[in-house]
Participant: 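I have a structure here, written as structure tokens, and I will follow up with some questions on it.
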Amino acid sequence: MSESAVGGSLNYHLARYLISASTLEQCPPDEAREVAFVGRSNAGKSSAINVLTAQTKLARTSKAPGRTQLLNYFEVAPQRYIVDLPGFGYAKVPLDMKHRWQRQLELYLQERQSLQGLVLLMDIRHPFTEFDEMLVQWCADSDLPLHVLLTKADKLSRGAAKNEVLAARKKLEALHPHMTVQLFSALSKEGADELRAKLDNWLVPSEDPEEKPQS
Ligand SMILES: Nc1nc2c(ncn2[C@@H]2O[C@H](COP(=O)(O)OP(=O)(O)OP(=O)(O)O)[C@@H](O)[C@H]2O)c(=O)[nH]1
Ligand SMILES: [Mg+2]
């Protein structure tokens, strides 16, 4: 194991920016392991990646939604990537641009062999938008492991936040037994260790090279 992985877990703070790809062809060779962060604009993808890696400016965060327009690759360890995908559902983006991104996202999800799982971020105050529902259903149908972060948990009371997790868990488990969900806050860093453990599952290969990690 490289120095980036100690005791089977990755050192996310060693993550470094690798490349921004605007098409599938520009992505690194499809022979690695990666996890993609997806969710509507402003859901908190870039903020979550910054908390995960304990680097304040690794993934650009912005108060202006729709800022991340490419597939942004971060290398955690050799051949181990985290991908910050374009925020979807931003109304002010011109329609043809929106369609182009959506097409690239579809292609990426369908074709990318390196993809071990998706982290879907949803603002806890308005989860399961139409696009979220579509994505969740698509993952269930195509057996792609999915982990949901209910972000900005700091915006709700403890009780209300816990109720949202329970409701989301019930909904996801009914769709697919391996879909998981957790609370997350970039502000308080709640849920950061739970997220790292999940990513380790997906990014650190098991002993048997033939065997895929547990979702
Ligand atoms: N209170 C609170 N604010 C958050 C949290 N996470 C993100 N934000 C804020 O929400 C806004 C959007 O966060 P980003 O991380 O840029 O969102 P994004 O999903 O990367 O957005 P796009 O790149 O446009 O797709 C920023 O103003 C963040 O500071 C959180 O956990 N709590
Ligand atoms: Mg972003």
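For the single chain, residues carry numbers from 1 onward in sequence order. Both ligands and their constituent atoms are indexed starting at 1 by order of listing.
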Participant: Run the numbers for me: atoms of ligand 1, each under 4.0 Å from some heavy atom of K155, listed by number.
Facilitator: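 Answer, ordered by atom number: 1 (N).
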Participant: So if I apply the side chain to side chain donor-acceptor pair (under 3.5 Å) rule between E34 and each of Q113, R112, Q116, which one comes out positive?
Facilitator: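 Single pass found, and it is R112.
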Participant: Where the closest heavy atom to atom 30 (C) of ligand 1 is concerned, which of D154, T151, L149 has it?
Facilitator: D154
Participant: What atoms of ligand 1 come within less than 4.0 Å of a heavy atom belonging to G44?
Facilitator: 7 (C), 13 (O), 14 (P), 15 (O), 17 (O), 18 (P), 19 (O)
Participant: Do we see a donor-acceptor contact under 3.5 Å between the side chains of Q55 and H13?
Facilitator: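 Q55 vs H13: no donor-acceptor pair found between side chains.
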Participant: Output yes when E130 and R40 qualify as a salt bridge under the 4.0 Å nitrogen-oxygen rule, no when they do not.
Facilitator: no
Participant: Can an N, O or S atom be found in S46 less than 2.8 Å away from the Mg ion (ligand 2)?
Facilitator: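 Yes - counting backbone and side chain alike, S46 has an N, O or S atom under 2.8 Å.
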Participant: Going by heavy atoms, is G39 under 4.0 Å from ligand 1?
Facilitator: no
Participant: Heavy-atom distances under 4.0 Å decide this one: backbone, side chain, both or neither, for N42 against ligand 1?
Facilitator: both
Participant: Considering only heavy atoms of S47, which atoms of ligand 1 have at least one such atom less than 4.0 Å away?
Facilitator: 6 (N), 7 (C), 13 (O), 14 (P), 15 (O), 28 (C)
Participant: Return a yes/no value for A186: is any of its N or O atoms, backbone included, closer than 3.5 angstrom to an N or O of ligand 1?
Facilitator: yes
Participant: Does the side chain of Q26 pick up a donor-acceptor pair with the side chain of S22 at under 3.5 Å?
Facilitator: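 Yes, S22 and Q26 have a side-chain donor paired with an acceptor closer than 3.5 Å.
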Participant: Just checking, is any N or O donor in the side chain of E75 or Y17 under 3.5 Å from an acceptor N or O on the other one?
Facilitator: no
Participant: Within the structure, does K152 bring an N/O atom to less than 3.5 angstrom of an N/O atom in ligand 1?
Facilitator: yes
Participant: Would you tell me whether S9 and Y12 have side-chain atoms, one donor and one acceptor, within less than 3.5 Å of each other?
Facilitator: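 Absent: no donor and acceptor within the cut-off.
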Participant: Please check if any side-chain donor atom of N50 sits under 3.5 Å from a side-chain acceptor atom of S47, or the reverse.
Facilitator: no
Participant: Taking 4.0 angstrom as the limit and counting only heavy atoms of S185, give me the atoms of ligand 1 inside it, by number and element.
Facilitator: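 Counting from 1, the qualifying ligand atoms are 31 (O).
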